[in-house]
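One structure below.
Sequential numbering from 1 along the given sequence is applied to the chain's residues.
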Amino acid sequence: MPPLPGFSHDSGYVCKLNKALYGLKQVPRAWFEKFFVVISSLGFVSYSHNSALFIKYTVAGRIILSLYVDDMIITGDDIDGILILKTELARQFEMKDLSSLQYFLGIEVAYSPRSYLFSQLKYVANILERATLTNNKTVDTLIEVSTRYSSSDSLPLTYPTLYRTIVGSLVYLTITHTNIAYVVHVVI
């Protein structure tokens with residue numbers, strides 16, 4: 001990189017960048033490379049089908065770490081190993097422990113002594129609110145809704161960005177609610 005203004009230097013010299021700075025396009029890659037080195041040194045192995053999923057097998061069980069951008073979910077049966085992992089990660093990275101998982105990527109998580117409950121009710125409510133459909137009547141099947149709205153009039157949409165956002169949110173919702181996949185793909 002060229003020397004910063006005000007920095008005295010000989011002509012033709014450049015500065016060597018030793019550390020990636022925020023705002024640069026290479027930051028996510030540099031961060032992940034550092035994270036990968038740290039997590040690998042702690043005995044974790046990257047899952048072959050998902051490079052953001054790391055697993056470590058211990059005598060007490062296993063520890064699973066799922067990474068999404070710079071957020072992570074840590075779970076497993078080795079409670080002591082999880083505590084050690086959190087301590088080691090806190091030494092290497094600035095991080096906060098948000099305690100038990102409650103909401104992640106549009107999925108609410110509730111716990112009971114015997115099981116977990118996953119729900120996307122809040123996510124769906126947010127989609128309906130964004131689409132200003134919170135005061136509408138419900139229907140028995142989704143096909144009734146799709147037949148009422150037609151794009152055959154060839155008029156441009158009033159808010160195309162809002163439409164794309166809502167359709168994208170519905171496509172994401174079809175991952176866990178396959179029963180709406182047909183109707184969502186009708187509106188695409």
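- Side chains of Ile64 and Tyr47 form no contact here, defined as non-hydrogen atoms less than 4.5 Å apart.
- Take Arg91 and apply the salt bridge (Lys or Arg N to Asp or Glu O under 4.0 Å) test, not counting sequence neighbours, and it matches Glu88.
- The side chain to side chain donor-acceptor pair (under 3.5 Å) analysis of residues 32-44, with sequence neighbours excluded, yields no pairs.
- The minimum heavy-atom distance linking Phe36 with Ser46 is given by the pair CE1-CB, 4.0 Å.
- Cluster membership for Trp31 and Met95, using ILVMFWY side-chain heavy atoms within less than 4.5 angstrom, is shared.
- Inter-residue side-chain proximity for Arg164 and Val167 is flagged as unmet; no heavy-atom pair is nearer than 4.5 Å.
- Checked against Leu65 for a side-chain contact (heavy atoms from CB on, under 4.5 Å), the options Ile73, Leu89, Ile55 give a single hit: Leu89.
- Distance check: Ile107 CD1 to Leu121 CG gives 13.0 Å after rounding to the nearest 0.5 Å.
- At least one side-chain heavy atom of Leu85 sits less than 4.5 Å from a side-chain heavy atom of Ile39.
- Asp78 contributes no side-chain N or O that, together with a main-chain N or O of Gly61, makes up a donor-acceptor pair within less than 3.5 Å.
- Residues Val109 and Phe118 form a side-chain contact, since some pair of their non-hydrogen atoms from C-beta on lies under 4.5 Å apart.
- Note that CD of Glu108 and CD of Gln120 are 9.5 Å apart. Values are rounded to the nearest 0.5 Å.
- The shortest distance between side-chain heavy atoms of Tyr111 and Tyr116 falls below 4.5 Å.
- Using bins of under 30°, 30° to 60° and over 60° for the plane-to-plane angle, the ring pair Tyr172/Tyr123 lands in the perpendicular bin.
- By the rule that hydrophobic residues join a cluster once side-chain heavy atoms approach within less than 4.5 Å of another member, Leu83 and Leu101 end up as members of separate clusters.
- When the shell of 6.0 Å around CZ of Arg130 is examined, it contains more than 12 heavy atoms from other residues, nucleotides or ligands.
- Between Ile180 and Thr174 there is a side-chain heavy-atom pair separated by less than 4.5 Å.
- Between Val184 and Leu173 there is no side-chain heavy-atom pair separated by less than 4.5 Å.
- Counting heavy atoms from C-beta outward, His177 and Val124 have side chains that stay 4.5 Å or more apart.
- Hydrophobic clustering (ILVMFWY, side-chain heavy atoms < 4.5 Å, transitive): Leu53 and Met72 are in distinct clusters.
- Within a 6.0 Å radius of CD in Gln92, more than 12 heavy atoms belonging to other residues, nucleotides or ligands are found.
- In the hydrophobic clustering of ILVMFWY residues, with side-chain heavy atoms under 4.5 Å counting as a link, Leu128 and Val171 come out together.
- The CG atom of Asn50 sits 8.5 Å away from the CZ atom of Phe54 when rounded to the nearest 0.5 Å.
- Linking Ile, Leu, Val, Met, Phe, Trp and Tyr residues whenever their side-chain heavy atoms come within less than 4.5 Å leaves Ile82 and Val45 in two separate clusters.
- Under the 30°/60° scheme for interplanar angles, the aromatic rings of Phe93 and Phe35 are found to be tilted.
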